[in-house]
Amino acid sequence: VGILRVKDAKSYMATYEASIQEISKLMKDSLLGGYEVESIEIGGTPALHLTIDMTKFAENAGADIPGMKEYYATMFGPDGKLSIFLAPADEENVVMAYVSPENLTRTLNAYRSEDGGLGTDEQLKKTEALLSESAQWVGYLSPGGMIQFGGQMAAAMAPDADFELPEFQDSPPIGFAAEMTASHLDIQLVIPLESIDAIVKFAADAQTLVP
């Protein structure tokens, strides 16, 4: 999921849809084949549903390897189509979510809630404090979340395998930021020391599981 801060959400949505249509024309002969774009409503909010067929990509990216079909089904859905949803959260913010409309609804509700959602997370704040305050693009990657995701993918590829990953201790996310100025593009990658400690501990714990 993500949030795009814009000058005019309604105008941005219209421009985004038109741009995707043009991009789709350029992609028509590629493995991805282009986007299908549909105007929908989610919870009473006007939204865009973008679909991109990943089946050709999967066929040319190791689909014949044992477990890969299950992997791609988990990544993109059983029909091989990746869904992207966008909707205005208010006049100056647009929410984006992948996979399902429920993810978009959950993110919209979190954005509009009074408790602040992920923005109040204490671990995220530690990473946020290390990033440039004037960056136009900011992203966060949870090491623990990636480990959990990897475990889910492994389980999808080898459902009969008997293994369990060690617990990844709570830690700040890895942070990314990019700032465009009149003279240069500044890119930051921040890995808090707490996160490095957690990664090292997880690696050590994982080694004890190796026979």
Side-chain angles (χ1 to χ4, degrees), residues 1-28 30 32-54 75-77 81-142 145-146 149 172-191:
V1 299
I3 294 179
L4 309 170
R5 304 196 186 281
V6 298
K7 291 183 177 180
D8 184 318
K10 184 177 180 180
S11 175
Y12 180 89
M13 292 286 291
T15 302
Y16 188 93
E17 181 176 8
S19 298
I20 285 294
Q21 298 282 12
E22 293 302 313
I23 291 172
S24 187
K25 293 177 183 178
L26 298 174
M27 293 173 58
K28 66 179 181 180
S30 71
L32 300 181
Y35 292 92
E36 295 178 11
V37 184
E38 177 187 14
S39 295
I40 61 173
E41 271 198 10
I42 296 179
T45 300
L48 288 178
H49 177 201
L50 282 61
T51 306
I52 187 164
D53 193 336
M54 304 297 292
M75 282 284 291
F76 309 130
K81 293 184 176 181
L82 177 63
S83 286
I84 306 168
F85 300 88
L86 289 94
D90 54 30
E91 293 182 356
E92 297 181 341
N93 291 278
V94 174
V95 167
M96 174 185 289
Y98 286 81
V99 182
S100 72
E102 289 76 20
N103 283 343
L104 185 74
T105 300
R106 176 172 54 85
T107 310
L108 279 170
N109 290 341
Y111 175 83
R112 292 167 175 169
S113 69
E114 295 182 359
D115 62 13
L118 188 61
T120 62
D121 183 85
E122 292 302 320
Q123 295 287 18
L124 188 142
K125 284 182 177 181
K126 295 176 184 178
T127 304
E128 181 183 26
L130 301 174
L131 296 171
S132 171
E133 294 182 359
S134 54
Q136 293 100 335
W137 299 277
V138 176
Y140 300 96
L141 175 66
S142 165
M146 286 301 299
F149 175 76
I174 296 169
F176 308 87
E179 181 179 1
M180 177 74 78
T181 71
S183 62
H184 66 277
L185 172 65
D186 182 42
I187 298 176
Q188 288 182 292
L189 167 63
V190 169
I191 307 177

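Positions are given from 1 along the sequence. Computed from a predicted model, the values in this text were never measured in an experiment.
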(Q) Rounded to the nearest 0.5 Å, what separates atom CZ in F85 from atom CD in E38? (A) 8.5 Å
Q | Trace of the side-chain contact (heavy atoms from CB on, under 4.5 Å) decision for S39 with L48 | A | CA-CA 5 Å; S39 295; L48 288 178; 3.9 Å; yes
Q | Shortest non-hydrogen contact from A9 toward D90 | A | CB-O, 3.2 Å
Please tabulate, for the side chains in residues 98-106, all donor-acceptor contacts under 3.5 angstrom to protein atoms that are two or more places apart in sequence or on a different chain.
unit_1	atom_1	unit_2	atom_2	d
S100	OG	E102	OE1	3.4
S100	OG	N103	N	3.3
N103	OD1	R106	NH2	3.2
N103	ND2	Y98	O	2.9
T105	OG1	P101	O	3.1

Q | Closest heavy-atom pair and its distance - M180, Q136 | A | N-OE1, 2.8 Å
Q: With rounding to the nearest 0.5 Å, note down the distance linking CD in E36 to CD in Q21.
A: 10.5 Å
Q. How far apart are the closest heavy atoms of K81 and D53, and which atoms are they?
A. CE-OD2, 4.0 Å
(Q) Suppose we screen for salt bridge (charged side-chain N to carboxylate O under 4.0 Å, His left out). Which residues come up paired with E91, at least two apart in sequence or across chains? (A) none
Q.
Could you check whether any side-chain N or O of E179 sits under 3.5 Å from a backbone N or O of S132, counting only pairs where one atom can act as donor and the other as acceptor?
A. no
Q) Can you name the nearest heavy-atom pair linking N93 to V6, along with the distance? A) N-CG2, 4.3 Å
(Q) Within this structure, what is the OH-CG distance for the pair Y140 and L124, rounded to the nearest 0.5 Å? (A) 5.0 Å
Just distance, no hydrogens or angles: give the donor-acceptor pairs under 3.5 Å from side chains in residues 13-20, sequence neighbours left out.
unit_1	atom_1	unit_2	atom_2	d
T15	OG1	S11	O	3.1
S19	OG	T15	O	2.9

Q.
If I take atom CZ from residue F176 and atom CG from residue L189, how far apart are they, to the nearest 0.5 angstrom?
A. 5.5 Å
Q) Minimum heavy-atom separation for K126 to P172, with atom names? A) CD-CG, 3.9 Å
Q) Roughly how far, to the nearest 0.5 Å, is CG of L86 from OG1 of T45? A) 12.5 Å
**Q.** Over 12 non-hydrogen atoms of neighbours within 6.0 angstrom of CZ in R112
**A.** yes
Q. So which heavy atom on A87 is nearest to which on P46, and how close?
A. CB-O, 3.7 Å
Q. So, do S83 and T51 sit near enough that their side-chain heavy atoms are less than 4.5 Å apart?
A. yes
Q) Should E128 and K125 count as an ion pair when the cut-off is N to O under 4.0 Å? A) no
Q. Ignoring hydrogens and geometry, is there a side-chain-to-backbone donor-acceptor pair from S113 to A110 under 3.5 Å?
A. yes
